[in-house]
Amino acid sequence: MANPYPTGWRSKSTPFLAKSLQVTPADSHHGSWQLWGSLGTVRIFYHLAMIVSKYLLKTLRESPSGAELPSHIFLLRGGYVKQLASGLYSILPLGKRVLNKIERIIREEMDAVEGQEVDLPLVQPSELWMESGRYGAIGAELLRFKDRSEHHMVLAMTHEEAITDLARYVLSSYKQLPFMIWQFKLKFRDEPRSRGGLVRVREFVMKDAYSFHRNDQDLDAYYQRMYKAYENIFQRVGIKPIVVKSDTGIMGGKIAHEFMLESGYGEDYLIISEDGSYSANQEIAEFQRVHAKAVPLALEKVATPGKQTIEEVSTLLGIKPEQTMKAVMFEAEQDKRRCLVLALIRGDLEVSDVKLRNYLKVPWLLPAADDFIRSFGAVPGYAGPVGLKERPDLLVLADLSVSEAGNLVGGANEEGFHYRHVNFLRDFQTPHCGDFAKAQAGYLAPDGKSVLRAVRGIEIGNIFKLGTKFTQSMNCAYLDEDGKHQTPTMGCYGIGLGRLMAAAIETSHDEFGPIWPKEIAPFHVHLLNIGREPEVMETCAKLMSEWEAAGFEVLFDDRDERPGVKFKDADLWGIPLRLAVGKKGLAEGMVEWKPRREKEFTKVPIGELTSRLREFYPDH
RNA sequence: CGGGGCGUAGCUCAGUCUGGCUAGAGCAUCAGCUUUGGGAGCUGAGGGUCGUAGGUUCGAAUCCUGUCGCCCCGACCA
């Protein structure tokens, strides 16, 4: 370059600035910038180093209205993301760097379990989803539309169908099994309500992995390896998840685990035993019922005029709610027939509709309409199982709290009357007895050895033994040693990247901003100058180029801002190490060394910085 | 989908109840000067069809109706 000071002469009164720091585009073909100093030219490559004055980000002094979670506030204030619409976020360069780091970690862990990375379409033909049966089973969350040639299409909310389609194309022999295919891929879910910044969004990138196996034993073994891989991933991003058993829902699988971050903002309720031996999502959590065995007394009708709720009835009769029986009624469709579901449960417990749905194998349950209830001879408010005529479309389900207890007060199916001393088998029967109750804090753990407590959690990943749900419905098969067609069994494993980034902040922040774990911080080093003296700027330029050459990622805050502004932004950017170069320190040959996690800085001789850096990042 | 709240400058908000001059402040941005260790000071500048459509009125950010958007609680969530 002929002219070392081509543009941007800042100030007539401080011409030395132009010599100390002048940033211009380098040879435009190299996508880099050059810093001029008396040392000569320093070329800066974007992927390794960045100078703040050229970086596309914007920090906010105040948090935008509506942001409540620390992760939401800091991601917006720090310039990591920007909201475009409800549940839709633009990722800015700084946020993208964090996501890239997360991707790198996940890719390494997927490699370690022999995953093969692919990329499948977001837009998919509806036929594919009809084939698996999910087109009808999923509601408005699945976005459906027509393309210009009137083909029915969907935006994929997950990729089981597409992956099974790929698997049935490539898979022919047992010799190919097992294998695992995975991708980082956009998902779209038309959520009824997005919330909490990146915690629940409508469009997001997910790492989704799918494994194919000859049998359940092989799937079980691989599932365990994936479980371990997930533990590695979360540990590396600085998160300590609670792992819970979870609902397998209409996916039809067998076993699933969710990796949850405990958080008061979480959408899921987790049930955990005090001794730590049991944990499950509340949807499916089990517990041990406590009930007194009693000698059945004679059935007795009592007048309870106007008393419909458990509370009213038990108060009137002077008994405890646990001596009553509640009948909760739903409508469901089973075998294409509209059915009345009469769920019986002890008065003090609550019905879990997830458990009901899973037992009945139906996708939905609706509260039953009054006239529908009456058509079965039951009376809303006074409904009970006693005296109801058996019908094929009447499904009576008895929770263990009812079938194993006795002498309960239940509805008489007559306006204003209940029965005392209702007993299972003697007064009513049903083959459908089981666990249909929602577990609550304070109940006994399934093993009876400790008490359950409830915490809220954010789901940050799941692993799922799918079984043959997709391979069967979509006709994915292979030939075994005997030349016979066999259906492979599947597992699927997901992690939402944006949510993971938010979860990392939820786990690690202070009042000023995030404290990024070393492995996912957007940069390794945050370098900043205090004062604009030539020697300060030159030292910064020299250090930057030295570290860049050593492979460290450096963010240099070269702005002509007051130290306070730079420190505040440094906190907001949360880079693990902040190094400040100022005239005073420089006079002693020192630079200020401040890990983000610590309150105070220490002074380090300039000559030792690079070796200290290597100690700070031993894995680098 | 039910309940609640909010839409005024890039961001945070005042003004709306009780209609009335050219629609305001702080922060941010641009220019200049000063300043330089935890979000500086002064001077000046740019930036808003007050979400949108209609209505009432001599006159609407303000009152009425519709509509769109955003947030929170609940329902929902492979």
Side-chain angles (χ1 to χ4, degrees), chain A residues 10-14 58-69 72-73 76-77 79 82-88 129 132-135 137-142 154 156-161 187-197 199-202 206 208 210 246-253 256 258 265-269 281 283 353-354 357 363-367 458-459 462-464 466 469-470 492-494 496 499 511-513 528-533 536 557 559-572 578 580-585 592 594 599-601:
Chain A
R10 269 197 68 89
S11 164
K12 289 187 199 85
S13 62
T14 51
K58 180 187 181 80
T59 53
L60 302 172
R61 185 174 296 198
E62 292 167 286
S63 45
S65 60
E68 290 182 1
L69 274 79
H72 193 189
I73 291 170
L76 288 169
R77 283 192 53 205
K82 180 203 172 291
Q83 182 175 14
L84 180 67
S86 183
L88 301 174
W129 288 68
S132 70
R134 287 208 294 183
Y135 193 80
I138 296 173
E141 211 180 352
L142 179 65
V154 303
M157 44 195 287
T158 175
H159 281 75
E160 280 83 5
E161 281 82 0
K187 314 288 175 199
F188 187 86
R189 297 178 187 182
D190 204 351
E191 296 286 349
R193 187 182 152 211
S194 52
R195 71 186 89 183
V199 168
R200 178 164 290 271
V201 293
R202 296 196 294 165
M206 180 188 243
D208 50 327
Y210 308 86
S246 70
D247 180 34
T248 53
I250 61 167
M251 299 289 293
E258 288 169 336
Y265 294 99
E267 308 172 284
D268 289 278
Y269 286 87
N281 196 305
E283 292 179 330
D353 58 327
V354 172
R357 282 208 308 264
W364 50 261
L365 288 169
L366 289 173
I458 297 170
E459 183 188 342
N462 66 24
I463 56 178
F464 201 133
L466 269 179
K469 154 112 181 155
F470 291 91
C492 72
Y493 320 91
R499 188 184 277 189
E511 62 188 295
F512 305 111
L528 60 89
N529 62 298
I530 294 166
R532 301 183 58 77
E533 295 79 5
V536 170
D557 191 348
R559 293 173 301 171
D560 185 14
E561 286 286 358
R562 301 168 68 82
V565 174
K566 293 188 171 194
F567 291 150
K568 288 290 184 193
D569 280 342
D571 291 340
L572 222 33
R578 186 188 85 192
V581 179
K583 191 172 72 173
K584 272 185 279 180
E592 287 168 21
K594 181 183 173 297
K599 285 265 175 283
E600 305 295 335
F601 65 81

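Not measured: the values here are computed from a predicted model. Chain letters run A, B, ... following the sequence lines, proteins first, then strands; residues in each count from 1.
In this structure B/G19 sits in no base pair that meets the Watson-Crick or G-U test at under 3.5 Å. Figure legend. B/C76 is base-paired to no nucleotide; pairs are counted as Watson-Crick or G-U wobble with both atom distances under 3.5 Å. Across all strands shown, B/A61 forms no Watson-Crick or G-U wobble pair with both distances under 3.5 Å. When both distances must be under 3.5 Å, the Watson-Crick or G-U wobble mate of B/G44 is B/C30. With both pairing distances under 3.5 Å, B/C70 is matched to B/G5 as a Watson-Crick or G-U wobble pair. Look at B/U36: it lacks any Watson-Crick or wobble partner with both distances under 3.5 angstrom. In this entry B/C50 has no Watson-Crick or G-U wobble partner, no candidate having both defining distances under 3.5 Å.
When every heavy atom of A/Ser246 is checked against every heavy atom of A/Glu258, the shortest pair comes out as CB-CD, 3.2 Å. Looking at every heavy atom in both residues, A/Ile73 comes nearest to A/Ser63 through CG2-CB, 3.6 Å. In terms of heavy atoms, A/Ser194 sits closest to A/Ser86 at OG-OG, 3.0 Å.
Applying the 3.5 Å distance criterion, the base of B/C76 shares no donor-acceptor pair with the side chain of A/Arg193.
Using a 4.0 Å heavy-atom distance criterion, A/Ala85 is classed as a sugar-phosphate-only contact. Counting any heavy atom pair closer than 4.0 Å across all strands shown, A/Ser246 reaches no nucleic acid atom. Nucleic acid contact for A/Pro64: sugar-phosphate only, since backbone atoms but no base atoms lie under 4.0 Å from a heavy atom of the residue. Among the atoms of the strands shown, only primed sugar atoms or phosphate atoms (P, OP1, OP2) are found under 4.0 Å from some heavy atom of A/Asp353. Using a 4.0 Å heavy-atom distance criterion, A/Gly196 is classed as a sugar-phosphate-only contact.
For A/Pro64, the side chain to side chain contact (heavy atoms under 4.5 Å, CB included) partners at least two apart in sequence or on another chain are A/Leu60, A/Leu76, A/Arg77.
The side chain of A/Lys58 has B/G10 as its nearest neighbour among B/A78, B/G10, B/C71. For A/Glu62, taking side-chain heavy atoms from C-beta onward, the closest of the listed nucleotides B/C70, B/U12, B/A78 is B/U12.
If you take atom C1' in B/G3 and the same atom in B/C50, they sit 28 Å apart, rounded to whole Å. Taking the P atoms as reference points, B/G54 lies 50 Å from B/C33, given to the whole Å. Rounded to the nearest Å, the gap between the P atom of B/U62 and that of B/A9 is 15 Å. Across the C1' atoms, B/A23 and B/U16 are found 12 Å apart, a figure rounded to whole Å. Taking atom P on both B/U56 and B/U65, the two are 15 Å apart, rounded to the nearest angstrom. Taking the P atoms as reference points, B/C64 lies 13 Å from B/C6, given to the whole Å. Comparing B/G20 with B/C11, their P atoms sit 27 Å apart, to the nearest whole Å. Taking atom C1' on both nucleotides, B/A31 is separated from B/G46 by 11 Å, rounded to a whole Å.
Salt bridge A/Glu600/A/Lys594: absent, no basic N to carboxylate O contact under 4.0 Å.
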Between N or O atoms, less than 3.5 Å apart, protein on one side and nucleotides 35-43 of chain B on the other: list the pairs.
from, atom 1, to, atom 2, distance (Å)
B/U35, O2, A/Arg562, NH1, 3.0
B/G37, O6, A/Glu592, OE2, 3.0
B/G37, N1, A/Glu592, OE1, 3.0
B/G37, N1, A/Glu592, OE2, 2.1
B/G37, N2, A/Glu592, OE1, 2.6
B/G37, N2, A/Glu592, OE2, 3.1
B/G38, O6, A/Arg578, NH1, 3.0
B/G38, O6, A/Arg578, NH2, 3.4
B/G38, N1, A/Asp571, OD2, 3.3
B/G38, N2, A/Asp571, OD2, 2.1
B/G39, O2', A/Arg61, NE, 3.4
B/G39, O2', A/Arg61, NH1, 2.5
B/G39, O2', A/Arg61, NH2, 2.7
B/G39, O6, A/Arg77, NH2, 3.0
B/G39, N1, A/Asp569, OD1, 3.1
B/G39, N2, A/Asp569, OD1, 3.4
B/G39, N2, A/Asp569, OD2, 3.4
B/A40, N9, A/Arg562, NH1, 3.4

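The backbone N or O of A/Arg61 lies less than 3.5 Å from no partner atom in the side chain of A/Lys568, so there is not a single donor-acceptor pair. Checked by atom type and distance alone, the side chain of A/Lys583 never pairs as donor or acceptor with a backbone atom of A/Gly531 at under 3.5 Å.
Rounded to an integer number of Å, the gap from A/Lys82 NZ to B/C70 P is 12 Å. Atoms CD (A/Glu68) and P (B/C73) sit 6 Å apart, rounded to a whole Å.
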Task: Evaluation steps, side chain to side chain contact (heavy atoms under 4.5 Å, CB included), between A/Lys469 and A/Glu160 - done: CA-CA 10 Å; A/Lys469 154 112 181 155; A/Glu160 280 83 5; over 6 Å; no
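Taking only side-chain nitrogens and oxygens, A/Ser65 comes nearer than 4.0 Å to OP1 or OP2 of B/U12.
Along RNA chain B, the nucleotide closest to A/Glu267 and the one closest to A/Ser194 are compared, and the more 5′ of them pairs with A/Ser194.
A/Arg134 pairs with exactly one of A/Thr158, A/Leu142, A/Val154 by the side chain to side chain contact (heavy atoms under 4.5 Å, CB included) rule, that one being A/Thr158.
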